[in-house]
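The block underneath contains the structure these notes are about, expressed in structure tokens.
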Amino acid sequence: MKNLSTPSRPQPTHPLAVAPVTAPEATVDGFVEQFLRNLNNGRGVALSASTPNDRYFALAATVRDYLMARWLEDVRRQRTAQSKGVAYLSAEYLLGRQLDNNLLATGLTEIAGEALAACGLDIDEVRALEIEPGLGNGGLGRLAACFIDSLATMGVPNIGYGIRYEYGIFRQTFVDGQQVEQADSWLSLGSPWEFPHPEAAQTISFGGHTETYDDDGVVRSRWIPAWNVQAVPHNYMVPGYHNGRVNTLRLWSAQATQGFDLRTFNSGDYQEAVRAQTYAENISKVLYPEDSTPQGKELRLQQQYFFVAASISDFVNLILPRDFDLTRLPERVIFQLNDTHPVIGVPELMRVLVDEKGLEWDAAWAITRECFAYTCHTLLPEALEVWPSDLLGRLLPRHLEIIYRINDEFLDEVRERYGDDEDRIRRMSIIAPDGAVRMAFLATVAGSKVNGVAELHSQLLREKVLPDFDEFFPGKFTNVTNGVTPRRFVKLANPGLSRLITDTIGPGWLTDLDRLRELEPFADDASFRQAFASVKAANKRALAKTLHARDGLTVDDGHMLDVMVKRLHEYKRQTLKLLHIVSQYDAIVSGRVSPAEVTPRTFVFGAKAAPGYAMAKRIIHLINAVGDVVNTDPRVEGRLAVLFPPNYNVTLAERVVPAADLSEQISLAGKEASGTGNMKFALNGALTIGTDDGANVEIRQLVGDENFFLFGMTEPEVATLAEDGYHPIDFVRADENLQSALDLISSGAFSGGDGSVFEPVVSNLVHHDPFMALADFTSYAAAQQKVDALYADTEAWTRSAILNVARSGFFSSDRSMRDYIDRIWHTPPVR
């Protein structure tokens, strides 16, 4: 890796060169002037000749100008103060649209609207042109985006590191009800929010071999790589809310070190001339390349090493002062590992400290163990990454050597504590019996702290996933329950509710969400309930308008909005929700239930399935097939509707979440780490139907059992059933409604009479059901009857919805950040 020294800084002589950068005047006239200047000088067009894209870019550049002075000053102050900060390493950042968030942070929303109106433009039309960057897959990436928002709002020095995926997560479309993945060309028109800095590129190496050499009597190792790529940083501003703080998100894109071979091109071999460029750029081409092939696995490992190596080099060689004493590195930074994707950063920092900086191994290891902390986001064994040693050795030979030494020394400590307990040693070894490297184990050994993301998850992490490590490292494991930023998911997503809250309890609650408790007495105020219900009705109309314009879908007035939006995975149990829908449909069309007895509901799904996850894609197909039949059957017209808008993302979430009445959080107990969608829905006045899983446990405890629809087995009951032997067919035979629903799907009622189409889904449930959807069906259906009963009492439902909002302030990502600071990072705000 190229070891870049700190670039020399120019010594200014002109008075203006040392004056602080100033923002444009924060008035309508000042905004108009800056907007037109950016349109003329930045886009090279007059207003009269500008395209919609010209206007969007000029508006974005204008908002950027108001942030610039703050950003540059914060960078300068941090360089001077050298206070401890957080380097957040995450393979995903699901940012959402930036324009509205940055207008909100700067307090310019109204000024910008008036300024564009003065230019004859509608700001809503301009903001609609923004393309959301698809740099995340779901909760993990959205959580990272919430966290960096909170750190900026709290004034904590932070730099987020990740990958600038050229295409990001795929764009989902449906063809004949089946998911089809298309490239998400979010950069096709450019991005006005990023600042590329090719001059600060880091050289990232791969392959090759290692060799030992004598360094004044000390035997050292060095890596002789076979090839390398350039990591080019693209900086994004991360503004705090109304506090003047602007942190940085740095995303890396891959380029070839020698991207174009002119001699080969001139010989006529055009493809070979750009081969190196194509190969290098593949690394940052797509978020999570499909990894069912050896090539896909290798590319994933390349991605992970690429961004953490670039980030560590950037921090050590460019951000730190040139003469910094690296033994004090833990006083300056904590690298937070957001799941196992960045864990290869542990041996990378060791390589930098030992091989490049010349530190002794023990000193480097002591530094490394204080500089990393690890967040585990899963309880699923298959989600705890392992890398085959032959792949690691081929791609990163020096790192594999370092991992082996870390493991050998760690197992020596285990033997010293427990003796030659070979079973324990096998269980705790970073190197699995098959030779694979267990990245969660490496992170746990190296991390100063390991945290789960909800109380139940953290308990199961200690007791079931990593119990030997919890015993070996007393005090290392802790919990930090996830949170969401109220700026985006209440203020921006739900302006009607935000105004009602401010009018009721006053300003200040957006940065002190515990103040929502002040709303509790108003749950018994009839006029407040009426105002709250009016906001919800307006949000439903807004969603209906969005879905009609976006997808041609219709939302019936007066329907309960029953929403399940999350990544499609069997453990999240979209099949359980679907079976209940089919059961209700079957009850009506068979005549067992009169349509008048059924609460009118519109079921809204939103989910993407991983491209290689065949069962998840079949489930999507089945949901759409059921929707096609239910939505066109006159027997259930006005009572049931199933909507599945494609390509669910943050932008659509900002419409769906505020409109929802019922939040479906129905994963099998003990499988969901936390969830953040459940928090967003509760904060926006939706009631939750859910299992005691993830953060559902804390939501239920806070909002009260009477304001939460609990069903299903507990985690110990799930474990007992699995141990005793789970036979799904027994639960089918015990519930006639479940049997009828499965029979209806098997009959071909939703596939044109061809029962074979969805036979794999039914067969998987009846004979395997790995996440016990059938075992929980009866309990789930009973809980849904309680939902109907409460929804029929409008005043009681609204009261419960208000109490959900009032009691969910705990789920602010600001609180999560305070917990990280107190329990893990010890990085105080810098005012």
Side-chain angles (χ1 to χ4, degrees), residues 1 89-93 133-138 140-141 161-171 181-187 201-208 223 225-232 234 251-259 271-272 274-312 337-345 347-348 382-400 403 436-437 439 608-613:
M1 177 182 294
L89 300 175
S90 178
E92 299 183 36
Y93 289 92
L135 303 177
N137 183 43
L140 184 79
Y161 285 115
I163 301 178
R164 178 184 178 266
Y165 302 100
E166 184 177 345
Y167 291 102
I169 190 67
F170 61 86
R171 181 175 182 81
E181 301 92 26
Q182 297 179 341
D184 180 17
S185 304
W186 72 279
L187 287 169
Q202 306 293 304
T203 301
I204 310 302
S205 300
F206 295 96
W223 180 17
W227 56 281
N228 51 50
V229 300
Q230 290 287 308
V232 178
H234 293 70
L251 303 178
W252 302 96
S253 66
Q255 294 184 6
T257 50
Q258 294 180 334
Q271 288 185 336
E272 182 62 23
V274 296
R275 185 185 67 83
Q277 179 179 345
T278 301
Y279 191 76
E281 291 178 357
N282 282 342
I283 292 176
S284 58
K285 189 71 72 177
V286 176
L287 170 69
Y288 296 155
E290 210 283 300
D291 65 349
S292 60
T293 64
Q295 297 91 331
K297 285 185 172 64
E298 182 168 337
L299 183 55
R300 280 212 187 190
L301 182 55
Q302 287 175 5
Q303 283 186 335
Q304 293 179 7
Y305 177 67
F306 165 79
F307 97 85
V308 295
S311 304
I312 289 172
L337 303 169
N338 192 31
D339 218 10
T340 50
H341 310 123
V343 173
I344 195 65
E348 172 62 9
E382 64 269 23
L384 294 171
E385 285 186 315
V386 295
W387 289 111
S389 56
D390 60 341
L391 172 59
L392 254 173
R394 184 173 72 252
L395 204 61
L396 302 169
R398 179 61 178 140
H399 298 75
L400 185 59
I403 292 169
V437 179
M439 302 306 281
K608 292 181 180 180
Y613 192 169

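Keep in mind it's a predicted model, so treat the numbers as computed, not measured.
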Where the side chain of Q230 meets the backbone of A256, is there a donor-acceptor pair that is under 3.5 Å apart?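 Pair absent, no side-chain N/O of Q230 close to backbone of A256.
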I'd like to know if the side chain of E181 and the backbone of A609 have a donor-acceptor N/O pair within less than 3.5 Å. no
If you compare all heavy atoms of [X] against all heavy atoms of [Y], which two are closest, and at what distance to 0.1 Å?
| X | Y | answer |
| --- | --- | --- |
| G207 | W223 | O-NE1, 2.7 Å |
| A436 | V386 | CB-CB, 4.3 Å |
| P289 | Q303 | CD-OE1, 3.3 Å |
| S185 | Y167 | OG-CE2, 3.5 Å |
| Q255 | E281 | CA-CG, 4.4 Å |
| R171 | K608 | CA-NZ, 4.5 Å |

Any side-chain heavy-atom pair from Y161 and I312 closer than 4.5 angstrom?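 Y161 vs I312: side chains apart.
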Side chains of W186 and L135: closer than 4.5 Å at any heavy-atom pair? yes
Sequence neighbours excluded, which residues qualify as side chain to side chain contact (heavy atoms under 4.5 Å, CB included) partners of [X]?
| X | result |
| --- | --- |
| N338 | Y88, S90, L140, A144, H377 |
| N137 | E92, I169, L287, Y288, R567 |
| S284 | I163, S253, A254 |

Gap separating the [atom1] atom of [X] from the [atom2] atom of [Y], nearest 0.5 angstrom:
| X | Y | atom1 | atom2 | result |
| --- | --- | --- | --- | --- |
| I344 | E385 | CD1 | CD | 10.0 Å |
| I403 | M439 | CD1 | CE | 5.5 Å |
| W252 | R164 | CH2 | CZ | 13.0 Å |
| Q295 | Q302 | CD | CD | 11.0 Å |
| K285 | Y165 | NZ | OH | 14.0 Å |
| D390 | L395 | CG | CG | 11.0 Å |

What residue pairs, at least two apart or across chains, pass salt bridge (Lys or Arg N to Asp or Glu O under 4.0 Å) with a residue in residues 291-310?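 Every salt bridge (Lys or Arg N to Asp or Glu O under 4.0 Å) pair that includes a residue of residues 291-310, provided the two are not neighbours, is D291-R300, E298-R394.
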With respect to V229, which candidate in T203, I204, N282 satisfies the side-chain contact (heavy atoms from CB on, under 4.5 Å) definition?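 Per the side-chain contact (heavy atoms from CB on, under 4.5 Å) rule, the option paired with V229 is I204, out of T203, I204, N282.
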Test side-chain contact (heavy atoms from CB on, under 4.5 Å) on V308 and L337; report intermediate values, then the result. CA-CA 10 Å; V308 295; L337 303 169; 5.9 Å; no
Just do the side-chain contact (heavy atoms from CB on, under 4.5 Å) check on F170 and V286 with the steps written out, would you? CA-CA 8 Å; F170 61 86; V286 176; over 6 Å; no
For a quick check under 3.5 Å, do N228 and T257 share a side-chain donor-acceptor pair by atom type?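 There is such a pair (donor and acceptor under 3.5 Å, judged by atom type) between the side chains of N228 and T257.
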With sequence neighbours left out, what residues match F206 under ring-ring contact (aromatic ring centres under 6.0 Å, His included)?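 Once residues adjacent in sequence are excluded, the partners of F206 under the ring-ring contact (aromatic ring centres under 6.0 Å, His included) criterion are W227, Y305.
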Output all residues satisfying salt bridge (Lys or Arg N to Asp or Glu O under 4.0 Å) with R398, sequence neighbours left out; order by chain, then residue number.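 R398 satisfies salt bridge (Lys or Arg N to Asp or Glu O under 4.0 Å) with D355, E401 once adjacent residues are dropped.
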